[in-house]
Amino acid sequence: MALLAAPSFASAQDADPDEHKGPDMHQLAAHPSAPPVHKDYSHYLYRPHGDRVQEQPDLDRLLFWTPDGKPDGYAQRRGESVIYYDAAGRAIRVQRLAPEDLQ
């Protein structure tokens, strides 16, 4: 029984390990199949003056960066409110959303 399995095992090892059947993980990550997420952040009213804003639609939040590239906090929607955090992660402001902004 072991003699019958040995030739098929040896032929599997003879295959070229550099030969790929399909795209590798790097190629797949370069072109994700998921469509990009778009959100409307017009109801996020507070934005630190002079900061660059970076959207993170998958987490429904905005990141704030100072002009010299340091993190300056973020804003994230939680239920019926938008909570603004400083760079240390402490809540500094709460904005209640109007009913038309909740959709």
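Model, not experiment: these values are computed from the prediction.
- Y74 and L45 fall into different hydrophobic clusters, where Ile, Leu, Val, Met, Phe, Trp and Tyr residues are linked whenever their side-chain heavy atoms come under 4.5 Å apart, directly or through other members.
- We find the CG-CD distance between L62 and Q56 to be 9.0 Å, quoted to the nearest 0.5 Å.
- Scored by the side-chain hydrogen bond (donor to acceptor under 3.5 Å, both in side chains) test, Q54 finds W65 as partners (sequence neighbours excluded).
- Every pair passing salt bridge (charged side-chain N to carboxylate O under 4.0 Å, His left out) that includes a residue from residues 81-91 is listed here, sequence neighbours excluded: D86-R90.
- Legend: residues meeting side-chain hydrogen bond (donor to acceptor under 3.5 Å, both in side chains) with R93, ordered by chain and number and at least two apart, are absent.
- Listed by chain and number, the residues in a side chain to side chain contact (heavy atoms under 4.5 Å, CB included) with A91 are I83, Y85 (sequence neighbours excluded).
- Residues satisfying the side chain to side chain contact (heavy atoms under 4.5 Å, CB included) criterion with L97, sequence neighbours excluded, are H43, R77, V82, Q95, D101, L102.
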Donor-acceptor pairs are to be reported for all side-chain atoms of residues 46-53 against protein atoms at under 3.5 Å, with residues two or more places apart or in another chain.
| unit_1 | atom_1 | unit_2 | atom_2 | d |
| --- | --- | --- | --- | --- |
| R47 | NE | Y44 | O | 3.4 |
| R47 | NH2 | Y41 | O | 3.0 |

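- Closest approach of R61 and A75 over heavy atoms only: CB-O, 2.9 Å.
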